[in-house]
Amino acid sequence: MKPINVGLLGLGTVGGGTLTVLRRNAEEITRRAGREIRVVRAAVRDLEKAKALAGDLPLTINPFDVVDDPEIDIVVELIGGLEPARELVLQAIHNGKHVVTANKHLVAKYGNEIFAAAQAKGVMVAFEAAVAGGIPIIKALREGLTANRIEWLAGIINGTSNFILTEMRDKGAAFADVLKQAQALGYAEADPTFDIEGIDAAHKLTILSAIAFGIPMQFDKAYTEGISKLTREDVQYAEELGYRIKLLGIARRAEAGIELRVHPTLIPERRLIANVDGAMNAVLVKGDAVGSTLYYGAGAGAEPTASAVVADLVDVTRLHTADPHHRVPHLAFQPDQLSDTPILPMDEVRTAYYLRLRAFDRPGVLADITRILADSNISIDAMVQKEPAEGEVQVNIILLTHITVEKNVNAAIAKIEALDTVAGKVMRIRLEELASK
Ligand code: NDP
Ligand code: HSE
């Protein structure tokens with residue numbers, strides 16, 4: 001059978017990994033896809049830099065040479081960012097080409113527009129590599145779990161921030177040094193604030209929530225908080241109480257809508273997901289029929305991500321002659337069956353909390369704090385008062401609450417911070433049991 005022709009946009013970490021894997025495993029991939037998958041052209045910005053890797057592969061510095069090339073069947077977008085990626089993807093679709101992308105920023109922001117254009121043109125847009133690197137989580141949610149009503153999912157879906165948290169905990173390494181290492185290893189985004197401020201994880205969570213619940217992409221409604229304000233002190237106190245702190249993306253079906261939130265989270269250390277370290281990712285999915293399922297693997301890096309890109313290429317190759325109406329829908333649900341279930345404002349989210357505050361070591365202080373919590377309808381699960389350090393008159397108090405609503409906690413924190421016996425701000429980290437029941 002005639003080979004399928006692929007054009008690559010980008011030959012960086014993921015583009016380079018994709019070319020390497022396609023070349024190394026060419027024979028096996030052909031046996032699986034039913035025909036040869038042949039890269040015929042690649043676009044980069046710096047021809048000199050790409051020369052050694054490209055070998056005899058024709059290169060161009062104009063990416064439109066790739067998307068407008070009539071010989072190319074599938075365009076693989078691996079340049080990242082919003083523009084010109086969006087324009088190139090829409091142009092490829094307009095030209096009747098299938099698209100594979102690893103660009104979660106693009107999919108989370110413009111996925112609704114891109115999928116509508118692809119639907120109208122009868123072409124596929126595949127994006128497995130956009131979430132959790134090499135883990136086939138899109139395929140699992142969209143196909144493997146299709147019988148289920150998904151109740152919630154929670155994932156470590158940013159390799160860079162998990163790598164930073166792990167190195168800080170295990171080696172006491174400084175934040176900035178570990179971030180530099182993550183950049184050198186090719187894990188971090190072009191703008192690493194996307195990693196450490198939870199934005200990259202929110203892009204991925206937006207995509208997962210759309211597929212899990214059959215809702216449009218709504219990145220602008222996701223609550224996003226990163227790891228930059230976490231202190232080693234909190235990581236240590238959490239451990240003393242039997243918890244690990246992870247940057248989690250959580251999407252949960254609640255009575256009044258869907259919770260969509262990314263933030264540092266205390267997780268009981270006995271949970272498997274609490275032990276996912278380094279740049280590894282893991283996603284826990286709770287379905288009504290299957291119960292809890294856990295997906296684990298490398299969340300970033302050249303070949304793990306290439307594994308997902310090539311899987312999409314094989315899928316598109318197998319299906320490209322199929323009637324478009326009989327293919328798996330982009331977002332798992334038929335496009336005219338998406339639901340308008342609202343995303344809940346963060347104030348309405350229900351979860352448990354770790355609170356750390358610094359107070360004067362005087363009689364009545366604890367009573368004031370517990371009264372404020374009780375008046376806000378917040379019940380305390382555990383409380384620890386640390387010994388004051390030598391010569392100090394203030395102590396750290398750590399409280400764990402039972403599940404409550406976020407707006408009550410906000411109100412209570414404001415009142416506690418106003419007490420003249422409490423110094424500075426209250427540190428608040430959300431806590432999830434992630435129990436399978
Ligand atoms: P890199 O920066 O390593 O590579 C980007 C590539 O795109 C380079 O070859 C660059 O060329 C090329 N490029 C950028 N802009 C243009 C342009 N306008 N025209 C032509 N070529 C261009 O990025 P990554 O490979 O790390 O990331 C690519 C995508 O994959 C991003 O969307 C990222 O979020 C996503 N991703 C990355 C993962 C990772 O582990 N790195 C994992 C999962 C997804 P040049 O070098 O000449 O400038
Ligand atoms: N910067 C991303 C991460 C790459 O660290 O997870 C993988 O999407």
Side-chain angles (χ1 to χ4, degrees), residues 7-20 41-54 57 59-67 75-89 100-109 127-135 137-138 155-166 178-179 181-205 207 226-227 247 249 262 276 278-283 297-309 312:
L8 289 182
L9 301 175
L11 268 187
T13 303
V14 183
T18 299
L19 188 61
T20 304
R41 207 171 202 187
V44 293
R45 280 180 302 203
D46 182 342
L47 290 174
E48 202 47 42
K49 194 169 89 183
K51 231 167 56 183
L53 172 70
L57 171 67
L59 295 177
T60 171
I61 52 162
N62 179 5
F64 287 92
D65 288 347
V66 173
V67 298
V75 169
V76 182
E77 186 278 303
L78 300 172
I79 64 176
L82 293 181
E83 294 294 355
R86 172 178 163 272
E87 195 189 349
L88 289 163
V89 163
V100 172
T101 180
N103 191 337
K104 51 269 167 148
H105 190 185
L106 180 75
V107 176
K109 192 88 194 274
F127 50 97
E128 183 64 72
V131 183
I135 307 174
I137 185 63
I138 304 279
I156 296 171
I157 45 181
N158 182 265
T160 301
S161 53
N162 203 45
F163 180 71
I164 293 173
L165 287 178
T166 307
V178 195
L179 175 59
Q181 273 185 59
Q183 287 176 297
L185 289 163
Y187 301 154
E189 293 303 301
D191 176 356
T193 55
F194 276 47
D195 296 292
I196 61 180
E197 296 305 347
I199 301 162
D200 177 73
H203 290 147
K204 293 163 177 166
L205 184 70
I207 299 171
I227 60 167
L247 182 71
V262 171
V276 170
M280 303 306 275
N281 279 192
V283 185
E303 292 209 8
T305 313
S307 166
V309 172
D312 275 348

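In listed order, ligands and their atoms are each counted from 1. Along the sequence shown, residues carry numbers from 1. On a predicted model such as this, the values are computed, not experimentally measured, just so you know.
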A.B. asks: Measure the distance from atom 39 (C) of ligand 1 to every protein heavy atom, then report the residue, atom name and distance (to 0.1 Å) of the closest one.
C.D. replies: G186 O, 3.6 Å
A.B. asks: Starting from atom 33 (C) of ligand 1, what is the nearest protein heavy atom, named by residue and atom, and what distance separates them?
C.D. replies: E189 OE1, 3.8 Å
A.B. asks: Just going by heavy-atom distances, which of V44, T60, V107, I79 is nearest to atom 13 (N) of ligand 1?
C.D. replies: I79
A.B. asks: Side chain, backbone, both or neither: which part of D195 has a heavy atom under 4.0 Å from ligand 2?
C.D. replies: side chain
A.B. asks: At what distance is the nearest protein heavy atom to atom 48 (O) of ligand 1, and which residue and atom is it?
C.D. replies: R45 NE, 2.9 Å
A.B. asks: So if I count the atoms of ligand 1 from 1 in the order they appear, which ones are less than 4.0 Å from some heavy atom of L78?
C.D. replies: 5 (C), 6 (C), 7 (O), 28 (C)
A.B. asks: So for K104, does at least one of its heavy atoms come nearer than 4.0 angstrom to any atom of ligand 1?
C.D. replies: yes
A.B. asks: Who's the nearest protein heavy-atom neighbour of atom 25 (O) of ligand 1, and how far?
C.D. replies: V14 N, 2.8 Å
A.B. asks: Name the closest protein heavy atom to atom 31 (C) of ligand 1, giving the residue it belongs to and the distance to 0.1 Å.
C.D. replies: G80 CA, 3.6 Å
A.B. asks: Quick check on contacts: which atoms of ligand 2 are under 4.0 angstrom from a heavy atom of T160?
C.D. replies: 1 (N), 3 (C), 5 (O)
A.B. asks: Which ligand 1 atoms are under 4.0 Å away from a heavy-atom of T305?
C.D. replies: 40 (O), 42 (C), 43 (C), 44 (C)
A.B. asks: Are T60 and N62 linked by a side-chain donor-acceptor pair shorter than 3.5 Å?
C.D. replies: no
A.B. asks: Just to be sure I read this right, does ligand 1 sit under 4.0 Å from the backbone of K49, its side chain, both, or neither, counting only heavy atoms?
C.D. replies: side chain
A.B. asks: Heavy-atom distances under 4.0 Å are what count here, so tell me which part of N281 touches ligand 2: side chain, backbone, both or neither.
C.D. replies: neither
A.B. asks: Please answer whether the main-chain N or O of D65 pairs with a side-chain N or O of R41 as donor and acceptor at a distance below 3.5 Å.
C.D. replies: yes
A.B. asks: Ignoring hydrogens, just give me the one of A298, G159, G299 whose non-hydrogen atom is nearest atom 7 (C) of ligand 2.
C.D. replies: G299
A.B. asks: Which atoms of ligand 2 have any heavy atom of K104 under 4.0 Å away?
C.D. replies: 2 (C), 4 (C), 7 (C), 8 (O)
A.B. asks: Closer than 4.0 Å to some heavy atom of E189 - which atoms of ligand 2 meet that?
C.D. replies: 1 (N), 2 (C), 4 (C)
A.B. asks: I want to confirm something. Looking only at heavy atoms, which of G301, G10, A182 is nearest to atom 6 (C) of ligand 1?
C.D. replies: G10
A.B. asks: Which bit of A102 is near ligand 1, meaning a heavy atom under 4.0 Å away: side chain, backbone, both or neither?
C.D. replies: both
A.B. asks: May I ask whether atom 21 (N) of ligand 1 is less than 4.0 Å from at least one protein heavy atom?
C.D. replies: yes
A.B. asks: Closer than 4.0 Å to some heavy atom of G12 - which atoms of ligand 1 meet that?
C.D. replies: 3 (O), 4 (O), 6 (C), 8 (C), 9 (O), 25 (O)
A.B. asks: Taking 4.0 angstrom as the limit and counting only heavy atoms of K204, give me the atoms of ligand 2 inside it, by number and element.
C.D. replies: 2 (C), 3 (C), 6 (O), 7 (C), 8 (O)
A.B. asks: Starting from atom 47 (O) of ligand 1, which protein heavy atom do you reach first, and at what distance in Å?
C.D. replies: D46 N, 2.6 Å
A.B. asks: Could you tell me which atoms of ligand 2, counted from 1 in the order shown, lie closer than 4.0 angstrom to a heavy atom of A300?
C.D. replies: 4 (C), 7 (C)
A.B. asks: With the threshold set at under 4.0 angstrom, would you say P84 reaches ligand 1 through any of its heavy atoms?
C.D. replies: yes
